[in-house]
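Structure, as structure tokens:
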Amino acid sequence: TISTPEHAKISYSANPTGTSDGANPTDPGNTVLQFTANSQVTLAAQVAPEYRGQGYRFVRWEGDIPGGQSTSNPITVTVDSESKSISAVLEETFKLVVKSEGPGSVNVTAPSGTGVGNGRYIAGTGVTLSATPPENFVEWEGSTSGRTPEKTIKMNSNKYITAQFLPTPGTTPFVDIESADIVENN
């Protein structure tokens, strides 16, 4: 039995060729495939086309897989028992874009293993933003807000955040206007 999560597409090839129960293993759910004894079956998991570019990635295989191959993709399984059950595991990631305005920068830290590259983090990860220098920090804008120079955000969606800093002496000042009334003289 091959279990396919909603966001995955699993393809297979076998030597010698096997048969399936008529279902397509690329469809979400369980698919039963039948092969002759000692067949070598290669399974490959990928993000389903309609979910590509949305932050999903392959993580591992679970079930009756050869030792040491849980994160390999594709994997080859020898059908040497009456039944095997294998599932692909995918996880969602979210993008974090941080910029600063004014003379300062932002350090981004997250627990080891939660960043997957290109500014993407595993769903649910707590990411800490630290504005430096803290004495010039004014506020966070965008997907978060606040006036403390260190902030932890939960990656539960794509985030676009700007850190605002006070200008250095001799430059155009930064003006923080909460609200303003414009009066016209007639």
Side-chain angles (χ1 to χ4, degrees), residues 1-99 105-130 142-144 151-162:
T1 302
I2 299 174
S3 297
T4 308
E6 176 184 356
H7 305 98
K9 175 182 177 185
I10 298 177
S11 57
Y12 73 95
S13 61
N15 185 17
T17 304
T19 61
S20 74
D21 63 358
N24 181 351
T26 65
D27 294 335
N30 294 325
T31 300
V32 176
L33 302 173
Q34 297 178 352
F35 299 96
T36 57
N38 298 315
S39 293
Q40 296 285 311
V41 179
T42 300
L43 301 172
Q46 54 187 275
V47 177
E50 61 272 24
Y51 292 99
R52 289 191 186 136
Q54 294 184 26
Y56 291 92
R57 72 179 188 125
F58 170 81
V59 179
R60 67 184 173 280
W61 296 98
E62 292 181 344
D64 300 322
I65 57 171
Q69 289 195 41
S70 68
T71 58
S72 299
N73 190 24
I75 60 168
T76 300
V77 177
T78 301
V79 181
D80 56 3
S81 65
E82 290 211 14
S83 70
K84 290 191 180 281
S85 179
I86 299 173
S87 299
V89 177
L90 277 74
E91 67 187 359
E92 191 172 13
T93 64
F94 293 108
K95 186 166 190 68
L96 174 61
V97 177
V98 179
K99 67 178 188 169
S105 63
V106 178
N107 295 319
V108 179
T109 55
S112 178
T114 60
V116 296
N118 296 322
R120 296 196 82 83
Y121 295 88
I122 297 170
T125 299
V127 178
T128 301
L129 308 174
S130 301
S143 300
T144 192
K151 181 131 183 140
T152 299
I153 57 169
K154 185 174 183 177
M155 294 304 296
N156 53 11
S157 64
N158 292 328
K159 309 277 186 189
Y160 303 90
I161 299 171
T162 301

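For the single chain, residues carry numbers from 1 onward in sequence order.
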Contact list for residues 62-78, test salt bridge (charged side-chain N to carboxylate O under 4.0 Å, His left out), sequence neighbours left out: R60-E62

side-chain hydrogen bond (donor to acceptor under 3.5 Å, both in side chains) involving T71 - partner list, sequence neighbours excluded: none

side-chain hydrogen bond (donor to acceptor under 3.5 Å, both in side chains) involving Q54 - partner list, sequence neighbours excluded: none

For K99, salt bridge (Lys or Arg N to Asp or Glu O under 4.0 Å) partners two or more places apart: E101

Contacts of V97 that satisfy side-chain contact (heavy atoms from CB on, under 4.5 Å) - sequence neighbours left out: K95, Y160

Reported CD-to-OH distance for the pair E91 and Y56, which is rounded to 0.5 angstrom: 11.0 Å

Residues which pass ring pair (Phe, Tyr, Trp, His ring centres under 6.0 Å) with F58, listed by chain and number, not counting sequence neighbours: W61

Polar side-chain atom of T76 near backbone of T42 as donor-acceptor pair, under 3.5 Å: no

Partner residues of E92 under the salt bridge (Lys or Arg N to Asp or Glu O under 4.0 Å) criterion, sequence neighbours left out: none

Set of side-chain contact (heavy atoms from CB on, under 4.5 Å) partners for K159, sequence neighbours left out: L96, S143, I153, M155, N156, S157, I161

Nearest atoms (heavy-atom pairs only) where P111 meets G126: CD-O, 3.4 Å

side-chain hydrogen bond (donor to acceptor under 3.5 Å, both in side chains) involving S72 - partner list, sequence neighbours excluded: none

Over all atoms of both residues, closest heavy-atom pair of N73 and L43: OD1-O, 4.1 Å

For T78, all residues meeting side-chain hydrogen bond (donor to acceptor under 3.5 Å, both in side chains), sequence neighbours excluded: Q40

Results of side-chain contact (heavy atoms from CB on, under 4.5 Å) for A110 - residues two or more places apart only: T114, Y121, T125, V127

Non-neighbouring partners of N107 that pass side-chain contact (heavy atoms from CB on, under 4.5 Å), sequence neighbours left out: S130, T132

